[in-house]
Amino acid sequence: ETGVTQTPRHLVMGMTNKKSLKCEQHLGHNAMYWYKQSAKKPLELMFVYSLEERVENNSVPSRFSPECPNSSHLFLHLHTLQPEDSALYLCASSQVRNSGANVLTFGAGSRLTVL
Amino acid sequence: GDSVTQMEGPVTLSEEAFLTINCTYTATGYPSLFWYVQYPGEGLQLLLKATKADDKGSNKGFEATYRKETTSFHLEKGSVQVSDSAVYFCALSDRPGNTGKLIFGQGTTLQVKP
């Protein structure tokens with residue numbers, strides 16, 4: 001496996017379900033990100049983890065709960081979601097340095113539908 | 001706060017036409033600028049980047065020049081192909097050494113017809 005892998009690729013869940021999205025990076029990067037992609041809206045940054053510590057949480061509702069157990073894995077735990085949470089959830093990783101451009105590498109995304 | 005604005009799409013062109021997708025930004029400091037591309041059913045891929053004023057990023061026939069005076073980073077290609085049909089995102093970076101996050105525009109869909 002290379003790059004950034006996200007599972008599952010597609011998920012359908014009811015509003016009372018609990019599910020998790022998984023992201024794994026094989027690039028040796030030190031930072032990981034969750035973005036939400038909704039139709040006709042800019043990508044919304046949800047969470048940033050640097051060296052396994054959450055460094056940014058952009059006012060995301062508590063029904064989304066991230067977890068970063070190590071530098072290669074990132075989870076997004078989902079519970080009691082709303083239909084408006086249906087979107088493509090993108091994971092990315094990068095090697096954050098003190099100089100130069102920071103390039104994010106994205107996974108293919110997990111398409112979530114909340115019924 | 002920092003933000004990115006792209007032209008509304010979709011942009012529909014015939015094969016071999018000239019492409020311009022406009023992107024302007026608002027930022028404190030001097031961010032790096034990026035264009036990412038998203039093909040159907042896939043995640044975002046880096047297309048090109050520029051790290052300082054007057055830098056030109058280029059890749060696969062696409063080009064964009066970092067214009068500090070107009071706070072712009074317009075994407076251009078001289079002759080588009082059907083395979084270029086995708087969604088294009090302009091983005092700017094957090095300052096080096098910080099979280100490394102990118103702030104994206106809303107994306108512009110390009111449709112190229114044979």
Side-chain angles (χ1 to χ4, degrees), chain A residues 2-7 9-10 21 23-25 27 29-51 53-59 68 71 87-111, chain B residues 1-10 23-27 29-53 55 57 59 64 66 73 86-109:
Chain A
T2 58
V4 179
T5 304
Q6 290 187 242
T7 55
R9 292 293 309 275
H10 300 273
L21 306 182
C23 177
E24 184 174 0
Q25 59 100 356
L27 300 167
H29 287 165
N30 61 10
M32 297 187 77
Y33 312 80
W34 279 116
Y35 280 87
K36 177 183 178 182
Q37 184 178 19
S38 306
K40 298 185 180 179
K41 292 175 69 174
L43 270 74
E44 301 171 55
L45 179 66
M46 301 176 73
F47 302 104
V48 180
Y49 276 82
S50 178
L51 297 173
E53 179 181 343
R54 191 190 313 178
V55 295
E56 186 152 338
N57 175 348
N58 276 351
S59 303
C68 188
S71 60
L88 182 67
Y89 289 85
L90 291 164
C91 174
S93 70
S94 74
Q95 184 64 22
V96 177
R97 301 183 178 90
N98 289 325
S99 63
N102 186 58
V103 176
L104 270 60
T105 301
F106 282 84
S110 293
R111 172 71 62 187
Chain B
D2 296 355
S3 65
V4 176
T5 302
Q6 292 179 233
M7 62 189 287
E8 293 256 354
C23 171
T24 57
Y25 67 91
T26 302
Y30 304 100
S32 294
L33 300 174
F34 305 80
W35 278 99
Y36 277 77
V37 59
Q38 185 178 34
Y39 298 103
E42 300 183 14
L44 277 67
Q45 303 174 26
L46 177 67
L47 181 59
L48 54 83
K49 61 179 170 53
T51 58
K52 61 184 186 296
D55 266 4
N59 186 26
Y66 191 140
F73 193 55
V87 183
Y88 292 81
F89 293 90
C90 185
L92 62 81
S93 66
D94 198 4
R95 64 181 186 276
N98 207 13
T99 66
K101 69 184 180 188
L102 296 185
I103 296 169
F104 288 87
Q106 73 270 36
T108 302
T109 299

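In the text below, chain A, chain B and the rest are named by the order of the sequence lines, each starting its count at 1.
With a threshold of 4.5 angstrom between heavy atoms, Arg9(A) approaches chain B through side-chain atoms but not through N, CA, C or O. For Gln38(B), the part lying under 4.5 angstrom from a heavy atom of chain A is the side chain only. Of the atoms belonging to Leu102(B), heavy atoms from both backbone and side chain fall under 4.5 Å from chain A. For Lys49(B), the part sitting under 4.5 Å from any heavy atom of chain A is the side chain, from C-beta outward, and nothing else. Interface remark: Leu104(A) contributes backbone and side-chain atoms alike to the contact with chain B (heavy atom separation under 4.5 Å). Neither the backbone nor the side chain of Glu44(A) has a heavy atom closer than 4.5 Å to any heavy atom of chain B. For Leu43(A), the parts lying under 4.5 angstrom from a heavy atom of chain B are both the backbone and the side chain.
In terms of heavy-atom pairs under 4.5 Å with chain B, the best-connected choice from Gly107(A), Ala31(A), Pro42(A) is Pro42(A). Chain A forms the most heavy-atom pairs under 4.5 Å with one residue out of Thr109(B), Thr51(B), Leu46(B), Leu44(B), and that residue is Leu44(B). Of the listed residues (Ala50(B), Gly43(B), Ala91(B)), the one with the most heavy-atom contacts under 4.5 Å to chain A is Gly43(B).
Using a 4.5 Å heavy-atom threshold, the side chains of Phe34(B) and Val103(A) count as touching.
Residues passing the ring-ring contact (aromatic ring centres under 6.0 Å, His included) test with Tyr49(A): none are found, sequence neighbours excluded. Residues passing the ring-ring contact (aromatic ring centres under 6.0 Å, His included) test with Tyr35(A) are Phe106(A), Phe104(B), sequence neighbours excluded.
Summarising the local packing, CD of Glu8(B) is surrounded by 12 or fewer heavy atoms from other residues, nucleotides or ligands at distances under 6.0 Å.
The two residues Asn102(A) and Lys101(B) make their nearest non-hydrogen contact at ND2-N, 4.4 Å.
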